[in-house]
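See below for the structure under consideration.
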Number of protein chains: 2
Amino acid sequence: MNGDKLRSVSEKTINRLSLYRRLLENRFGKGHEHVFSHELAELACVTPAQVRRDLMCVDNSGSTSRGYSVQELVREITAVLDAPGGQRIALVGVGNLGRAILSYFSGRRPGIAITAAFDSDPSLAGRVINGCRCHPMSELSEVLRGSEIGAAIVAVPASAAQDIADRLVAAGVRGILNFAPVPLKVPEGVFLEHRDMTMSLETVAFFARRSLGDAE
Amino acid sequence: MNGDKLRSVSEKTINRLSLYRRLLENRFGKGHEHVFSHELAELACVTPAQVRRDLMCVDNSGSTSRGYSVQELVREITAVLDAPGGQRIALVGVGNLGRAILSYFSGRRPGIAITAAFDSDPSLAGRVINGCRCHPMSELSEVLRGSEIGAAIVAVPASAAQDIADRLVAAGVRGILNFAPVPLKVPEGVFLEHRDMTMSLETVAFFARRSLGDAE
DNA sequence: GAATATCTGTGAAAGCAATCACAGATAGTT
DNA sequence: AACTATCTGTGATTGCTTTCACAGATATTC
């Protein structure tokens, strides 16, 4: 990787780098060979200072009065975010949400692919959904150990989530994106992101209501 | 609402209150009439001090040596989070993700219901999915103005998202949960939550890889 | 009923993240 | 070539969130 700088990069910065890259990719070639921090900030809905701070961890030097080369910036962010040979992800839970995730990510990012799915429903075993092969849950450890999968998405019911997480960690997974509506316990060193939709929706509902109340 | 305290509550605290309530509901009646801050903290994967701080904004007083009454705590959190008569939410975009969201929230929370859905595909108009009626996109303003909907979920492609957001805001929506992979611009006073799955997955992939690198 | 143990509520401290503000750089203009 | 304008990179600052640590409260024990 990029050595010392990256060891201390915050999660929020990585989040925004991912966003910056996508925004830049969408604009490149459309008459935008260069971009200023305030332009990228406008696209990303953050401040220019935030953009420049975030970019301190990539090996790119913007030029004064011309800004950043879009192409170079994309390349440098990619050098930070993507694994050189691409990265494989597993999906556990092929219900409504799991399928939506599969279809959503199918070919969306070149550097990342969901290459194995698991579900407790045996009738799914062997099926291929959006280019991803489904396996029975019992094969989880076996399939993961035979692959280069280091991260996984959990989209199972709350009751099954912790057990799945334990098995994923035991099989060597070091990053989990959790959509189950329950917090997971993972050992030190395993990165965990909890994306609880109920939490998100209740929070939006609360602040929408408070905002209405404030206006009256 | 609860007056002064709530005016300054942070988003993070509201997020956790939502989580606490669900964890408590799941446990109540199973021999857990009371709960200590360290027990709830364990369930939520946070520190006991965090729990106590968060609970400062609800009108509940835990008793020393017995902790909090689970039932009372749920009631008090509900008084903060839920609208007295329940809250209605709109969903825009009934694709794979939109349907997964509809099925996920169907009857999940008593205080919140997705009561109207919109999609640009005319063949969906009039259909009822998971108890939610689908409307053509052209009826968005009309339907919203005739209802008590103050918040919405956006699950449309990136290219359509900003236009949808503008129309939602114009129709009086004050909170948006955005799943489209693009940041949205909304006026001051409108609460916006961006849940970008690509960002989340790339971030998990990054830290999983870094964690593996650290271990070697 | 005094002593002990263990809890809550919260002021104070520590830790993180975002913003400010300016030095240094570079292009354009006259 | 000096002057102006405007950018980046970053030390310093501000603001927010979490954690610490302890006073005060309440059961329990002897």
Side-chain angles (χ1 to χ4, degrees), chain A residues 2 4-20 24 32-70 72-73 76-77 80 183 191-192 194 199 203 207, chain B residues 2 4-20 24 32-70 72-73 76-77 80 183 191-192 194 199 203 207:
Chain A
N2 199 353
D4 295 341
K5 283 183 197 165
L6 287 185
R7 212 144 286 268
S8 58
V9 181
S10 76
E11 181 183 337
K12 303 207 167 186
T13 291
I14 295 297
N15 259 282
R16 284 186 297 259
L17 287 179
S18 162
L19 177 60
Y20 298 157
L24 292 169
H32 295 90
E33 308 299 315
H34 290 266
V35 67
F36 292 122
S37 64
H38 64 262
E39 294 174 319
L40 184 48
E42 165 76 14
L43 292 173
C45 297
V46 298
T47 63
Q50 181 78 78
V51 169
R52 296 201 299 275
R53 238 322 132 212
D54 287 336
L55 293 183
M56 281 176 70
C57 76
V58 311
D59 274 343
N60 190 289
S61 214
S63 91
T64 297
S65 301
R66 216 178 326 162
Y68 303 89
S69 152
V70 174
E72 267 184 50
L73 203 45
E76 292 300 338
I77 294 177
V80 170
F191 183 84
L192 177 66
H194 186 198
M199 240 166 64
T203 300
F207 283 102
Chain B
N2 198 354
D4 295 342
K5 282 183 198 167
L6 287 185
R7 213 146 283 269
S8 57
V9 182
S10 76
E11 180 183 337
K12 302 206 168 189
T13 291
I14 294 297
N15 258 283
R16 284 186 296 259
L17 287 180
S18 161
L19 177 60
Y20 298 157
L24 291 169
H32 296 89
E33 308 299 316
H34 290 266
V35 67
F36 292 122
S37 63
H38 65 262
E39 293 173 320
L40 184 48
E42 165 75 15
L43 291 173
C45 296
V46 298
T47 64
Q50 182 78 80
V51 169
R52 297 201 298 275
R53 221 359 103 203
D54 288 335
L55 293 182
M56 280 176 70
C57 75
V58 311
D59 274 343
N60 189 289
S61 214
S63 91
T64 298
S65 300
R66 215 176 326 162
Y68 304 88
S69 152
V70 174
E72 268 184 49
L73 203 44
E76 292 298 339
I77 294 177
V80 170
F191 183 84
L192 178 65
H194 186 198
M199 241 166 63
T203 300
F207 283 103

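None of these values were measured; they are calculated from a predicted model. Within every chain, numbering begins at 1; the chains are lettered A, B, ... in the order of the sequence lines, protein sequences first and strands thereafter.
- No donor-acceptor pair closer than 3.5 Å links the side chain of B:Q50 to the backbone N or O of B:T47.
- Here A:R52 contributes atom CZ and A:M56 contributes atom CE; the two are 11.0 Å apart, rounded to the nearest 0.5 Å.
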What string of B, S and - do you get for nucleotides 19-30 of chain C, 5' to 3', when a contact is any protein heavy atom under 4.0 Å?
B-B--BBBS---
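- If you take CG of B:D59 and P of C:dG9, they are 12 Å apart, rounded to a whole angstrom.
- Between A:L43 and A:E39, the closest side-chain pair of non-hydrogen atoms is not below 4.5 Å.
- Across B:V70 and B:H32, no two heavy atoms sit closer than the pair CG2-O, 3.3 Å.
- What separates CD of A:E11 from C1' of C:dG15 is a distance of 16 Å, to the nearest Å.
- The separation between A:N60 atom CG and D:dT10 atom P is 12 Å, rounded to whole Å.
- A heavy-atom distance below 4.0 Å to DNA chain D is reached by none of the residues of residues 33-45 of chain B.
- For the pair B:M56 CE and C:dT8 P, the interatomic distance rounds to 14 Å; values are reported in whole Å.
- For the pair B:K12 NZ and D:dG15 C1', the interatomic distance rounds to 13 Å; values are reported in whole Å.
- Considering CG of B:D54 and OG1 of B:T13, their distance stands at 4.0 Å, rounded to 0.5 Å.
- Note that CZ of A:R53 and OG of A:S37 are 12.5 Å apart. Values are rounded to the nearest 0.5 Å.
- Looking at B:N60 and B:Y68, their side chains never bring a donor and an acceptor atom within 3.5 Å of each other.
- Counting heavy atoms from C-beta outward, A:C45 and B:L192 have side chains that stay 4.5 Å or more apart.
- No engagement by B:D54 is indicated, since no non-hydrogen atom pair under 4.0 Å with the nucleic acid exists.
- Residue A:S10 is in sugar-phosphate contact alone, with no base atom involved, counting any heavy-atom pair closer than 4.0 Å across all strands shown.
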